[in-house]
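Reviewing the structure listed below.
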Amino acid sequence: LWPWLLASSGLSALLQLVALPFFPDSPSYLLIQKGNEEACRKAIRKLWGQGDHQAEIDDIMKEKGAMASTKTLRVLEVIKERSLRWQLYVLVTVMTTLQLCGINAIYFYSFEVFHTAKFEEYLIPYVSLGVGLCECLSSILCSTLIDRFGRKLLLWGGYLLMCSVLALLTMTLSLQHKFFWMHYFSVILIFLFVVFFGIGP
């Protein structure tokens, strides 16, 4: 089954490849990058139908003017620029915590936890697939929550809940030889961790 699951991603790529020639070019790309206003108008009409779209074209022209007045910085210039220092710190912190949050360890050791929880050997790949599906669904849920609660709250809340789950998971893995039900609690915590990861970071 796994080879078919891996090959299924190729199907969506093939569909995109076939459909790509039928999509219009981006109006902003045509106007800003290519400087072709007529092609831009055609693309807008194709996307939004007939009508007066001068307001949209004016917005794109404003964007073009703003881009022309903005200097493109090299990596070292970004690091040295004082006005960008805090944005850079936030970006580096978020990306570092994302790599060190424990999701890779959870995926790596989840098979062993499922095996210790006495799941049948043939069921473990499906349970692992369920973990991945949980992350996918929680990411979709996050896209609806982010407008309501904001990115900052979801980041803080996600990391706080993930830390709590990891603390509990450490405890359940330490006590799994004393209490038979700890195995199943560990499995539940793995699913919760993945859900919180998808909603937060």
Side-chain angles (χ1 to χ4, degrees), residues 1-50 53 56-57 59-60 63-64 67 72 74-75 78 87 90-115 119-151 154-155 158-159 162 187 190-201:
L1 186 61
W2 283 108
W4 288 105
L5 285 172
L6 287 170
S8 65
S9 60
L11 181 63
S12 61
L14 183 63
L15 286 171
Q16 288 178 29
L17 193 64
V18 170
L20 198 59
F22 301 101
F23 286 110
D25 286 319
S26 162
S28 57
Y29 165 76
L30 291 168
L31 191 57
I32 295 171
Q33 303 292 331
K34 296 289 187 182
N36 191 337
E37 190 172 333
E38 188 53 41
C40 172
R41 286 181 187 278
K42 274 186 184 177
I44 287 175
R45 282 196 292 270
K46 194 170 182 181
L47 287 168
W48 298 323
Q50 296 297 326
H53 301 292
E56 286 82 2
I57 292 171
D59 285 341
I60 296 171
E63 184 185 342
K64 185 178 181 180
M67 286 176 67
T72 305
R74 293 189 175 88
V75 176
V78 170
Q87 293 94 318
V90 169
L91 182 64
V92 169
T93 304
V94 169
M95 295 312 296
T96 304
T97 51
L98 189 61
Q99 292 301 314
L100 301 175
C101 69
I103 189 68
N104 294 327
I106 288 290
Y107 276 124
F108 186 79
Y109 288 108
S110 61
F111 187 89
E112 189 178 329
V113 173
F114 297 150
H115 193 268
F119 278 101
E120 295 289 339
E121 198 74 34
Y122 73 93
L123 283 176
I124 292 176
Y126 296 102
V127 180
S128 299
L129 187 63
V131 172
L133 188 62
C134 254
E135 183 178 352
C136 182
L137 292 174
S138 59
S139 299
I140 294 167
L141 177 63
C142 176
S143 65
T144 60
L145 293 176
I146 197 166
D147 290 330
R148 188 172 177 182
F149 298 107
R151 186 69 179 153
L154 289 180
L155 272 173
Y159 279 124
M162 285 163 64
V187 172
I190 284 174
F191 275 89
L192 280 175
F193 183 88
V194 170
V195 168
F196 295 146
F197 174 77
I199 291 173

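All heavy atoms count here, side chains included; hydrogens, waters and symmetry mates do not.
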- Can you check side chain to side chain contact (heavy atoms under 4.5 Å, CB included) on S128 and I124, steps first, answer last? CA-CA 6 Å; S128 299; I124 292 176; 4.2 Å; yes
- Message: Pair V131, F111 - check side chain to side chain contact (heavy atoms under 4.5 Å, CB included), show working.
- Response: CA-CA 11 Å; V131 172; F111 187 89; over 6 Å; no
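Between R41 and E37, at least one side-chain nitrogen of the basic residue sits less than 4.0 Å from a carboxylate oxygen of the acidic one, meeting the salt-bridge criterion.
For K42, the NZ atom is loosely surrounded, since the number of other residues' heavy atoms within 6.0 Å does not exceed 12. The number of heavy atoms from other shown groups lying within 6.0 Å of OH (Y107) is above 12. The environment of CD in E112 is sparse: at most 12 heavy-atom neighbours from other residues, nucleotides or ligands sit within 6.0 Å.
Remark: E63 pairs with no residue by the salt bridge (Lys or Arg N to Asp or Glu O under 4.0 Å) rule, at least two apart or across chains.
Of all the heavy atoms in L154 and L145, the pair that sits closest is CD1-C, 4.1 Å. Closest non-hydrogen pair, C40 versus L31, comes out as SG-CB, 3.9 Å. Here the shortest heavy-atom pairing between G198 and C142 reads O-CB, 3.6 Å.
Annotation: side chain of L98 is in contact with side chain of Y159 (closest heavy-atom distance under 4.5 Å).
Note that OH of Y29 and CD1 of I60 are 14.0 Å apart. Values are rounded to the nearest 0.5 Å. The CG atom of L133 sits 9.0 Å away from the CZ atom of F191 when rounded to the nearest 0.5 Å. Taking CD1 of I199 as the start and OG1 of T144 as the end, the distance is 8.5 Å to the nearest 0.5 Å. Distance check, rounded to the nearest 0.5 Å: CD of E135 to CD1 of I103 gives 5.5 Å. The line from OG of S28 to NZ of K64 is 11.5 Å long, rounded to the nearest 0.5 Å. The CG atom of L47 lies 10.5 Å from the CD atom of E56; values are rounded to the nearest 0.5 Å.
Put simply, the side chain of R151 gets close to the backbone of G200: a donor and an acceptor are under 3.5 Å apart.
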Give the table of side-chain donor-acceptor pairs shorter than 3.5 Å for residues 5-23, with sequence neighbours excluded, one pair per line with atom names and distance.
residue, atom, partner, partner atom, Å
S8, OG, L5, O, 2.5
S9, OG, L6, O, 2.8
S12, OG, S9, O, 2.8

